[in-house]
Amino acid sequence: LVSMLLDRQVKTVKERGSLCKKVYCLELDRVFPSIQSIADEFGYCRENITCCLRNVNNQKTAYGMHWYYINDWKIFKNTID
């Protein structure tokens with residue numbers, strides 16, 4: 001039973017991985033494969049980063065850093081170059 005549950009979790013993560021959007025951090029100059037990978041590495045709350053990415057309530061930063069979906073960052077960068 002435990003093995004079946006673990007297999008199901010691994011499949012879910014793999015499936016979700018293909019749906020994840022890459023995230024760029026301006027201050028770290030680094031691309032992350034997903035919001036979850038940022039949460040795992042730094043212990044940050046995914047919701048705070050998501051609010052920044054979606055500009056909820058005009059939120060520009062999360063944890064003192066600017067976060068962008070990679071496609072949004074490429075568009076933004078092209079407008080300032």
Side-chain angles (χ1 to χ4, degrees):
L1 180 65
V2 172
S3 178
M4 285 176 40
L5 290 174
L6 288 175
D7 286 345
R8 187 178 300 159
Q9 285 179 334
V10 168
K11 283 181 184 176
T12 303
V13 169
K14 286 181 181 177
E15 290 167 4
R16 193 178 337 131
S18 64
L19 300 175
C20 293
K21 292 183 179 181
K22 292 183 180 180
V23 177
Y24 175 74
C25 177
L26 180 63
E27 286 74 14
L28 298 175
D29 190 29
R30 184 170 160 199
V31 177
F32 295 87
S34 65
I35 298 169
Q36 184 61 52
S37 66
I38 298 165
D40 291 343
E41 184 170 336
F42 298 105
Y44 294 164
C45 175
R46 292 179 314 172
E47 288 79 15
N48 288 343
I49 297 168
T50 300
C51 287
C52 178
L53 290 166
R54 294 181 180 170
N55 204 16
V56 174
N57 295 327
N58 209 24
Q59 182 176 339
K60 303 292 185 194
T61 63
Y63 302 101
M65 295 183 264
H66 296 84
W67 304 92
Y68 301 91
Y69 287 117
I70 191 68
N71 291 338
D72 294 343
W73 171 249
K74 288 177 183 176
I75 292 167
F76 176 71
K77 190 172 184 305
N78 287 336
T79 63
I80 60 173
D81 282 345

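In this chain, residues are counted from 1 in sequence order.
- Judged as a side chain to side chain donor-acceptor pair (under 3.5 Å), and not counting sequence neighbours, Tyr68 has no contacts.
- With sequence neighbours excluded, no residue satisfies ring-ring contact (aromatic ring centres under 6.0 Å, His included) with Tyr69.
- Here the CD atom belonging to Gln36 is positioned 6.0 Å from the OG atom belonging to Ser34, to the nearest 0.5 angstrom.
- Note on Ile75: it does not cluster hydrophobically with Trp67, by side-chain heavy-atom contacts below 4.5 Å among ILVMFWY residues.
- Phe32 and Tyr24 fall into different hydrophobic clusters, where Ile, Leu, Val, Met, Phe, Trp and Tyr residues are linked whenever their side-chain heavy atoms come under 4.5 Å apart, directly or through other members.
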Only distances under 3.5 Å count here; give the side-chain donor-acceptor pairs of residues 55-62 to other protein atoms, sequence neighbours excluded, each with its distance to 0.1 Å.
residue, atom, partner, partner atom, Å
Asn55, OD1, Gln59, N, 3.4
Asn58, OD1, Lys60, NZ, 3.2
Gln59, NE2, Asn48, O, 3.3
Gln59, NE2, Thr61, O, 2.9

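- The shortest heavy-atom contact between Met65 and Cys52 is O-SG, 4.5 Å.
- Residues Tyr44 and Ile49 share a closest heavy-atom pair of CB-CD1, 3.9 Å.
- Evaluation of the side chain to side chain contact (heavy atoms under 4.5 Å, CB included) rule for Lys74 yields Ile70 as partners, not counting sequence neighbours.
- Remark: Trp73 CH2 to Leu26 CG distance equals 4.5 Å, nearest 0.5 Å.
- Atom SG of residue Cys25 and atom CZ of residue Phe42 lie 7.5 Å apart, to the nearest 0.5 angstrom.
- Counting only residues at least two apart or in different chains, salt bridge (charged side-chain N to carboxylate O under 4.0 Å, His left out) contacts with residues 36-45 comprise Arg30-Glu41.
- Listed by chain and residue number, nothing satisfies the salt bridge (charged side-chain N to carboxylate O under 4.0 Å, His left out) test with Arg54 (two or more places apart in sequence, or in another chain).
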